[in-house]
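All ligand and atom numbering here is 1-based and tracks the order in the structure. Throughout, residue positions are numbered sequentially from 1 according to the sequence presented. What you see is a predicted model, and the numbers here were worked out from it, not measured in a lab.
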Amino acid sequence: MIAVIDLGGTNTKYGLVESGKIIVANSTPAEPQDGLEKHLNKVVKLINDLCKDFGKKISNCQGIGLLSTGTVNSKDMLVLSTNEKYDDAKGFNFKNWALEKTGLELRIENDAKGALLGEYHYGAGQGSDNVMMITFGTGIGTAVISEGQLLTGSNFFGGNLGGHMIVKTGGRKCTCGARGCLEAEASGWALPIIAKEHPLFSSSSLKNETVIGFKEMLEHAEKGDECAIDIRRHCFQIWGEAIVSYIHLFDPERIILGGGLMNSADLVLPLFEKTIKEMAWSQGKGLQLVKAEHPDNAGILGAAALFKNEDKAYYPLTFEQVYKPTIWGGELLQKLPRTLPESSMPIGESWEIVDRPDDQSRVVTGELAGKSLRELIQSDPEGIVGDGHQANQPFPLLMKIIDAGQDLSLQVHPDEETCKYIEGAEPKTEMWYVLDHKPEAEILTGIQEGVSAEQFRKSVNDPNIKDLMHSYTSEQGQSFFIKATTMHAIGGGNLIYEVQQNSDTTYRVSDWGRVDKEGNPRELHVDQAMACLEHTLGNKKPGAHRIMPLAFTPLTHNSELKRRQLALCEHFHVEEIEFEGAITLPVNTGTFQTVYAVDSDLRIECGGKSYAVKHGQTCLIPAKCGECTVYAPVKSRVVSAKTPA
Ligand SMILES: O=P(O)(O)OC[C@H]1O[C@@H](O)[C@@H](O)[C@@H](O)[C@@H]1O
């Protein structure tokens, strides 16, 4: 979502835009007399009020897109001159103001260029890369896009000052200081002057009008008023000739016409077309003359389009796996359609999504291929992870597949509280989803009720310590919630999908007497484990946190779609979705979401493109990704994880 401000001469428009759609827009009178900063602060407050309706704050936006009258240096975010509006805009540090006031990045552009950007991306300019826009309003604004780029020039007014093209040598004095500019000879602000100076004005019906604008001039001419007819002839001649000059200068494929004059488009367009035919090079062959599609809101859309480049980069991301050989690794992973690396020890873990100092997921497909998850988060934390995420914060979760050829150690992970007392410890709550298992494979989780911490510690070298634990026979599709400080061990013969807090802290109490080829045992961490345990047992919290499979709950009329919640805690929300055909994932939830393909290859459609997710692969849908539809050719399950709302 982008906050937008269009500082006009009379009114300031403001609003919220998401993916080229105006969510809400409003306007407030411009107050140049009170100074720019005061006015901008007021507008920020108004935008914040709009955000509240969506349960958000302005700081949740991706940035502020701002349009200003006058010449705008869009590289350094400065207004260079305003031509009599908001004198104090010149030299004002818009960038710092936005950062201090809202914490947001700001982009700024001239208003006529902004309106063209709006039409180019979301309106009458779509499909052409050589477009000019002319806005006939109080003044006459122009902007040019040539080969897909906004024309800038050496002083940022390239293509922008079409209203100040001199059309009459030694003509009327213009607001810009020159004489005979198009604006001075035929614009909204010049019309009353032109009328009053006209020799027939004293006998004209225009004399009775309090305001003489395009509308009045055209109406009176239509009724046969001689003075209005002559002014109309004069204006159309000048405008038509100016357009011919623009065609000769910029060679556009399409000219978009906007502003108040276009309320009479049916009259105006044929007259312009006639002049072009008579006077333009090659009679303007192939040139399209069109009316603006967003007469009132092109600026609002264009201000948001200043962030468009960042907007469009996201799509469902798949990553290279990071493999971890372990002493207990197995061979169930080999059943998945993937090539495993050669290794002297069997692969125990496949890290599917990871952002840790020593291990990084790297994107495999699309224009972000090769980028690490860290790089992506650093450049757009909220776009990848979700609202409020900071660039220096790691991805909150870690997803793994654990291939247990043998029993893993009997172990425990610390929680936030225990980590305060153990240097370097990181909290780790995890959940498991049994993907596959050998017959008789087991899971141990939770110490039996009534067993004291002391009794447990005395048994750490006893092979029968298993008897002090709850044990479960593995079942495909079964899930376990392993809250930090819960003692557990994954038994040999299990293939497990794990969603966990981003941590690598494990305290082993027993490795079942296992040694490596050289006869060395792995390190144990009994003291630290007991510190975690005492916390649990001391508080007499239940030891086991197994989540029994819940009854399937159909959520839609489509009885083919079944969802069940696997784990819901402060760190993650994991669910299993079973479906055949297509499901559309919710968009703009303020968080990323991951999709693991449990049973078959999947296809995800996003932004008109199709992305493959192989059976056994995890796909990350960034927070600011567009709408995604997941297709499964046959009845399939996915395990989807996200951070809770
Ligand atoms: O310490 P070992 O036995 O290698 O087991 C370590 C593994 O334990 C599992 O229960 C999970 O928590 C994994 O995330 C972890 O990597």
Side-chain angles (χ1 to χ4, degrees), residues 321-330 332-333 343 345-356 358-359 361 395-415 418-419 425-435 437 441-447 460 465-466 469-472 474 478-516 520-526 528-529 532-533 543-546 567 569 571-572 574 596 618 641:
Q321 277 84 13
V322 176
Y323 289 106
K324 301 280 175 180
T326 60
I327 195 163
W328 45 258
L332 287 175
L333 253 184
S343 120
M345 258 197 290
I347 305 289
E349 297 190 356
S350 167
W351 291 16
E352 303 289 299
I353 296 191
V354 55
D355 170 25
R356 294 195 55 79
D358 295 333
D359 294 292
S361 288
F395 191 72
L397 305 179
L398 202 167
M399 277 77 167
K400 297 177 178 177
I401 300 178
I402 297 172
D403 185 357
Q406 304 170 10
D407 292 348
L408 274 69
S409 60
L410 182 60
Q411 55 178 256
V412 68
H413 309 293
D415 63 1
T418 319
C419 284
E426 292 174 294
K428 178 166 156 180
T429 284
E430 62 198 35
M431 69 78 62
W432 303 330
Y433 177 87
V434 180
L435 295 171
H437 63 89
E442 272 190 344
I443 301 266
L444 301 180
T445 171
I447 294 171
V460 291
I465 193 171
K466 280 187 180 180
M469 304 280 299
H470 288 285
S471 74
Y472 303 90
S474 303
Q478 187 182 29
S479 71
F480 294 87
F481 178 59
I482 312 292
K483 191 169 160 40
T485 75
T486 306
M487 189 62 66
H488 60 271
I490 296 176
N494 280 300
L495 186 74
I496 282 179
Y497 189 68
E498 180 179 79
V499 177
Q500 55 155 95
Q501 276 179 281
N502 188 351
S503 156
D504 201 18
T505 306
T506 298
Y507 297 132
R508 301 186 193 114
V509 294
S510 167
D511 208 16
W512 318 110
R514 176 170 39 210
V515 290
D516 66 13
N520 300 316
R522 295 196 297 170
E523 195 184 347
L524 299 180
H525 323 85
V526 180
Q528 293 91 325
C532 300
L533 260 200
H545 299 278
R546 184 188 188 208
C569 66
H571 311 294
F572 45 74
V574 186
Y596 174 79
T618 306

Below 4.0 angstrom, N of the basic side chain to O of the carboxylate: do D407 and K466 qualify?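 Looking at D407 and K466, the cut-off is met.
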Salt bridge check, D511 against R514: does any charged N sit closer than 4.0 Å to a carboxylate O?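 Looking at D511 together with R514, the answer is yes, because their closest N to O distance falls below 4.0 Å.
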Any side-chain donor near an acceptor of the partner, Q501 and S503, under 3.5 Å: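 There is no such pair (donor and acceptor under 3.5 Å, judged by atom type) between the side chains of Q501 and S503.
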With side chain to side chain donor-acceptor pair (under 3.5 Å) as the test, pick out the partner of H413 among E426, Q500, H488.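 Only match with H413 under side chain to side chain donor-acceptor pair (under 3.5 Å): H488.
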Would you tell me which option among K324, K400, R508 has the nearest heavy-atom contact to atom 1 (O) of ligand 1?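 When every heavy atom of K324, K400, R508 is considered, R508 comes closest to atom 1 (O) of ligand 1.
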Which is closest to atom 9 (C) of ligand 1 by heavy-atom distance: E523, Q406, Q411?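 Minimum heavy-atom distance to atom 9 (C) of ligand 1 goes to Q411.
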When the aromatic ring centroids of Y472 and F480 are compared, is their separation below 6.0 Å?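 Ring centroids of Y472 and F480 are less than 6.0 Å from each other.
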Using a 4.0 Å cutoff against the non-hydrogen atoms of [X], which atoms of ligand 1 qualify?
| X | result |
| --- | --- |
| H413 | 12 (O) |
| E349 | 7 (C), 13 (C), 15 (C), 16 (O) |
| E430 | 10 (O), 11 (C), 12 (O) |
| S409 | 1 (O), 2 (P), 3 (O) |
| Q500 | 14 (O) |
| H488 | 10 (O) |

Heavy atoms only: give me the nearest W328-D403 pair and the separation to one decimal.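 Scanning both residues, the minimum pair turns out to be CZ3-O, 3.6 Å.
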Looking at S471 and L444, what are the two nearest heavy atoms and their distance?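 Closest pair (atom of S471, atom of L444, distance): CB-CD2, 3.2 Å.
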Return the closest protein heavy atom for atom 11 (C) of ligand 1 as residue, atom name and distance.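 That would be E498 OE2, 3.1 Å.
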